[in-house]
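In what follows, a single structure is set out as structure tokens and then discussed.
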Amino acid sequence: SDDGLTVQLPQFIQDYHEWWYQTGIWTKSAWRGVVTHKQPMDAWNYQEVIHRMKPCVVVEFGTRFGGSSLFFSAVMRGVHGSAPHKVFTVDIDHSHIDKQAFEEDNVELLKAPSASRRAQQRIVELREELGGGPVFVILDADHSKDNVILELQMVTAVMREGDYLVVEDSNLDGHDNAVYPGWGLCPYDAILEFMAMNRGLYERDYNTEFMFGFTQAVAGFWIRKGGGEAVMNPLRENPYYDQ
């Protein structure tokens, strides 16, 4: 594409992607009976990345029903066993979360905006409490461009070399492979702007992104490089910072 981020897919892959999204199948995928809103091949990719990097914390912005939190809980328990680890999941609304998520001893839920200082500080604290290992971060909360930029600003500032970032739902709009043209400014636009202003802070993980042909996280698989550098913030005002 003209922006250099999207890759032209074979038409049969794009057709399947559009079918999968537009029929609403994505609203029905579940783990332990709880809806995840995850594309199964993305979920498979996530567990492979987690197995390779063995993060001490999985950070999930956007809990929704809790199905993906339960999925990450099972994967992390499989990787770490009884060794210390945590799934840290953040959402502004807990009214729809399945009770199973609250019963998992390796899942910590925070009711707060995903771009808040409380969420950011807790990521730092959990890494320290759990031995300082790598962190896997997935952004799947409010899909508006500005909110995702704010999330990227907040998490990038506390991520270190080798940490992993996934930005989901960048398949919606803004590029040739969009499944919902006309949706408006979305995570894809946030990725485009933030990464352009912060060249060198991340390396795109093409191999994982295209492992299974299509993904909800178009141009959304990134490995943190360096750590501690100044982050260029496209948005200077964060209305959620102190919430």
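- In this structure, a donor-acceptor pair under 3.5 Å is present between the side chains of S29 and T36.
- Proximity of R117 to Q243: side-chain heavy atoms (C-beta onward) are nowhere separated by under 4.5 Å.
- Here the straight-line distance linking atom CD of Q47 with atom CH2 of W44 works out to 5.0 Å at 0.5 Å rounding.
- Nearest approach of I13 to G213, heavy atoms of both residues: CG2-O, 3.7 Å.
- In this structure, the side chains of E108 and L126 come closer than 4.5 Å at one or more pairs of heavy atoms.
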Exercise for review: Applying side-chain contact (heavy atoms from CB on, under 4.5 Å), run through N238 and N233 and close with a yes or a no.
Suggested key: CA-CA 10 Å; N238 181 351; N233 293 337; over 6 Å; no
Review point. Step by step, would you call V231 with F194 a side-chain contact (heavy atoms from CB on, under 4.5 Å)?
Key: CA-CA 10 Å; V231 177; F194 183 83; 3.8 Å; yes
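- Shortest non-hydrogen contact noted between F88 and A119 is CE2-O, 3.8 Å.
- Closest non-hydrogen pair, M76 versus V58, comes out as SD-CG2, 3.6 Å.
- In this structure, a donor-acceptor pair under 3.5 Å is absent between the side chains of E48 and T208.
- More than 12 heavy atoms of other residues, nucleotides or ligands sit less than 6.0 Å from atom CG of L235.
- Rounding to the nearest 0.5 Å gives a distance of 7.5 Å between OG of S116 and CZ of F61.
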Review point. Passes salt bridge (Lys or Arg N to Asp or Glu O under 4.0 Å), E104 versus K86? Steps please.
Key: CA-CA 10 Å; E104 290 292 295; K86 192 71 70 175; over 6 Å; no
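- The ring pair (Phe, Tyr, Trp, His ring centres under 6.0 Å) check on H85 picks up H80, with sequence neighbours excluded.
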**Study point:** V155/Q120 under side-chain contact (heavy atoms from CB on, under 4.5 Å): CA gap, chis, key distance, verdict
**Key:** CA-CA 7 Å; V155 298; Q120 183 191 54; over 6 Å; no
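- T156 contributes atom OG1, which lies 6.0 Å from atom CE of M195 (distance to the nearest 0.5 angstrom).
- In this structure the side chain of D205 reaches within 4.5 angstrom of the side chain of N207, judged on heavy atoms.
- Looking at E203, its side chain never comes within 3.5 Å of a backbone N or O of R224 through a donor-acceptor pair.
- Remark: side-chain polar atoms of E151 are not paired, donor with acceptor, to backbone N or O of S114 under 3.5 angstrom.
- Panel note: side chain W26, backbone Y21; a donor-acceptor pair is recorded below 3.5 Å.
- The CD1 atom of I123 sits 13.0 Å away from atom CZ of R118, with the distance rounded to the nearest 0.5 Å.
- We find the OG-CG distance between S82 and N106 to be 12.0 Å, quoted to the nearest 0.5 Å.
- Screening R64, K38, H37 for a side-chain hydrogen bond (donor to acceptor under 3.5 Å, both in side chains) involving D140 leaves a single residue, K38.
- For F102, the CZ atom counts as densely surrounded, since its 6.0 Å shell holds more than 12 non-hydrogen atoms of other residues, nucleotides or ligands.
- No hydrogens or angles considered: a donor-acceptor pair under 3.5 Å links the side chains of N171 and H17.
- Side-chain atoms of D93 and S95 include a donor-acceptor pair closer than 3.5 Å.
- Within the 3.5 Å criterion, the main-chain N or O of F214 finds a donor-acceptor partner in the side chain of Q39.
- Looking at heavy atoms from C-beta onward, I223 lies out of side-chain contact with Y202 at the 4.5 angstrom threshold.
- Formation of a donor-acceptor pair under 3.5 Å by the Q14 side chain with backbone atoms of N177 is found in this model.
- With contacts defined as side-chain heavy-atom distances shorter than 4.5 Å, the pair D98/F65 does not qualify.
- Between the OH atom of Y16 and the CH2 atom of W20 there is a distance of 8.5 Å, given to the nearest 0.5 Å.
- The closest donor-acceptor contact from the side chain of D173 to the backbone of G182 lies under 3.5 Å.
- Counting only distance, with no hydrogens or angles, the side chain of D91 and the backbone of G62 share no donor-acceptor pair below 3.5 Å.
- Remark: side-chain polar atoms of D163 are not paired, donor with acceptor, to backbone N or O of M159 under 3.5 angstrom.
- Taking 4.5 Å as the limit, some side-chain heavy atom of Q100 sits within range of a side-chain heavy atom of V34.
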Exercise for review: With side-chain contact (heavy atoms from CB on, under 4.5 Å) as the test, would you mind laying out the steps for V59 and V135 before giving the verdict?
Suggested key: CA-CA 7 Å; V59 176; V135 172; 3.7 Å; yes
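- Under the 4.5 Å side-chain criterion, counting only non-hydrogen atoms from C-beta, K28 is not in contact with V35.
- No hydrogens or angles considered: a donor-acceptor pair under 3.5 Å links the side chains of S69 and E60.
- No more than 12 heavy-atom neighbours from other residues, nucleotides or ligands sit within 6.0 angstrom of NE2 on H51.
- Formation of a donor-acceptor pair under 3.5 Å by the Q216 side chain with backbone atoms of D42 is not found in this model.
- Below 30°, between 30° and 60°, or above 60°: for Y164 and F221 the angle between ring planes is above 60°, a perpendicular geometry.
- At a cut-off of 3.5 Å, with distance as the only test, no side-chain donor of E125 or Q121 sits close to an acceptor on the other residue.
- With hydrogens and angles left out, the side-chain atoms of Y46 and S68 include no donor and acceptor closer than 3.5 Å.
- Between L139 and V137, the closest side-chain pair of non-hydrogen atoms falls below 4.5 Å.
- Considering all non-hydrogen atoms of both residues, D189 and G184 come closest at OD2-O, 4.0 Å.
- The shortest non-hydrogen separation linking G133 to C56 is O-SG, 3.5 Å.
- Crowding of E103 atom CD: a count of heavy atoms from other residues, nucleotides or ligands under 6.0 Å exceeding 12.
- Closest approach of P187 to H143, counting heavy atoms only: CD-O, 2.8 Å.
- A donor-acceptor pair is defined here as one N or O able to donate and one able to accept, closer than 3.5 Å; no such pair exists between the side chain of T63 and the backbone of G66.
- At a cut-off of 3.5 Å, with distance as the only test, no side-chain donor of Y188 or D169 sits close to an acceptor on the other residue.
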